[in-house]
Protein chains: 2
Amino acid sequence: MPRPSQRDRIVDAYVDHVVSEGPETVTLEAVAARAGVSKGGLLYHFGSKEALLGGMLERVAALTEADIATARAAAAAGTETVAHYYLRTSADDPASDSDFFRAMVAVLKVAGTEEAAATTARASISAWREVLAEETGDELTADLIAAVGDGIYLRAIAGERSTPLTRDWETTLERLGVRAPSEQSP
Amino acid sequence: MPRPSQRDRIVDAYVDHVVSEGPETVTLEAVAARAGVSKGGLLYHFGSKEALLGGMLERVAALTEADIATARAAAAAGTETVAHYYLRTSADDPASDSDFFRAMVAVLKVAGTEEAAATTARASISAWREVLAEETGDELTADLIAAVGDGIYLRAIAGERSTPLTRDWETTLERLGVRAPSEQSP
DNA sequence: GTCTATACGCGGATAGAC
DNA sequence: GTCTATCCGCGTATAGAC
């Protein structure tokens with residue numbers, strides 16, 4: 001995947017619009033304008049609104065996979081646990097630059113309406129829960145960590161900033177019995 | 001509040017439609033049909049689509065208040081803690097009959113687009129967190145319990161059934177250090 | 001209070017020029 | 001590959017009959 005193609009920039013604009021304005025106000029015209037092309041230009045790349053949604057879902061699936069791979073690599077290197085990675089990156093502000101977080105919020109906002117988006121969201125959530133369960137070896141702990149992450153996303157949908165719980169995710173993990181790599185025995 | 005007025009039945013229909021079909025497909029015609037009236041009939045009661053949304057938000061605010069009062073009463077009577085009440089009722093299936101849960105899911109689905117709905121959602125979330133914090137006396141525990149509830153709502157939006165975490169909410173509460181009233185010292 | 005009929009604007013999608 | 005022009009359907013809202 002080389003640098004941003006026109007398709008990528010259009011998907012970017014779509015995500016941006018959904019996150020900031022909400023899915024109901026998305027029009028091909030608005031997305032096109034944000035991407036700096038005309039409606040016709042957009043429709044050359046994505047033949048329909050549904051195809052545009054598909055482009056975003058593909059991206060989220062890809063970003064999920066990439067993000068999990070990064071977390072696993074960090075865990076293998078002993079830098080930080082998967083749980084730490086998950087909460088740290090989820091704690092990002094919606095207005096920040098975390099591509100994955102933004103795209104995921106957009107997908108969740110659309111998921112209320114589009115079944116395909118709901119499916120992608122479920123897949124991403126499940127994938128993370130699996131990795132967390134694998135690491136902790138304890139289903140309940142994994143579910144709790146996942147729930148904390150879910151809470152962050154829910155608040156993002158509702159337009160709320162991060163809570164004490166997420167600002168202080170390190171304390172949260174301690175409380176749940178998850179230790180940082182440096183505290184673990186060699 | 002007497003038995004279902006026409007207004008109430010229209011709001012019911014609106015909530016039903018949003019939960020089952022999603023907010024983007026909501027039309028006055030569809031809601032009217034579901035409520036058993038015509039478009040014109042609906043518009044007599046709610047002068048605009050926005051007014052219809054307002055009706056739903058009022059209901060959620062009222063149900064939140066009532067629900068919290070019920071939980072407080074149960075806690076005062078020693079029947080169950082607020083935390084138990086919160087998780088038990090949140091664990092309900094979206095397809096079930098919990099008015100509050102259904103309405104809240106509808107509001108959250110709309111919250112992606114309508115700022116007013118997002119505000120109502122935040123208010124409801126905050127109110128519960130406050131009550132939980134008041135009971136546990138520990139902000140972190142309250143936040144964790146609230147997060148578990150949030151996770152349930154997020155999954156509801158994504159169309160997923162309840163998780164082990166919510167099926168087994170009693171174990172979850174034990175793990176978080178919240179004991180049932182019967183286990184507490186008199 | 002509830003209905004039908006209608007005006008009106010907007011958004012998705014196509015055709016075809018450049 | 002990207003644009004403009006245009007068609008068409010649908011959804012909101014109003015007017016006014018019953």
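Predicted model only: the values in this text are computed from it and were never measured.
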Using the ring of each side chain (for Trp, its six-membered ring), is A/Phe101 parallel, tilted or perpendicular to A/Tyr153, with breaks at 30° and 60°?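 The rings of A/Phe101 and A/Tyr153 lie parallel, inter-plane angle below 30°.
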
Any chance the side chains of [X] and [Y] put a donor and an acceptor closer than 3.5 Å?
{"X": "A/Thr79", "Y": "A/His84", "result": "no"}
{"X": "A/Arg179", "Y": "A/Thr81", "result": "no"}
{"X": "B/Tyr85", "Y": "B/Asp67", "result": "yes"}

Give B/Val26 one of three labels, base, sugar-phosphate or nothing, depending on what nucleic acid heavy atoms sit under 4.0 Å from its own.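 Sugar-phosphate contact only.
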
Provide, to the nearest angstrom, the distance between the CG atom belonging to B/Leu28 and the C1' atom belonging to D/dA13.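 After rounding, the gap between these two atoms is 8 Å.
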
Minimum-distance nucleotide to [X] side chain [options: [options]]:
{"X": "B/Lys49", "options": "D/dA13, D/dT2, C/dT2", "answer": "D/dA13"}
{"X": "B/Leu43", "options": "D/dT14, D/dT2, D/dT12", "answer": "D/dT14"}
{"X": "B/Ser48", "options": "D/dA13, D/dG11, D/dT2", "answer": "D/dA13"}

Below 4.5 Å, heavy atoms only, C-beta onward: do B/Glu65 and B/Val60 meet side chain to side chain?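 No, side chains not in contact.
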
Do A/Arg9 and A/Gln6 come within less than 4.5 Å of each other through their side chains, counting heavy atoms only?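 Heavy-atom side-chain distance check passes, below 4.5 Å.
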
Between protein and nucleic acid, restricted to nucleotides 3-5 of chain D and to nitrogen or oxygen atoms under 3.5 Å apart, what atom pairs and distances do you find?
| residue | atom | partner | partner atom | Å |
| --- | --- | --- | --- | --- |
| D/dC3 | OP2 | A/Ser38 | N | 2.8 |
| D/dC3 | OP2 | A/Ser38 | OG | 2.8 |
| D/dC3 | O5' | A/Ser38 | OG | 3.3 |

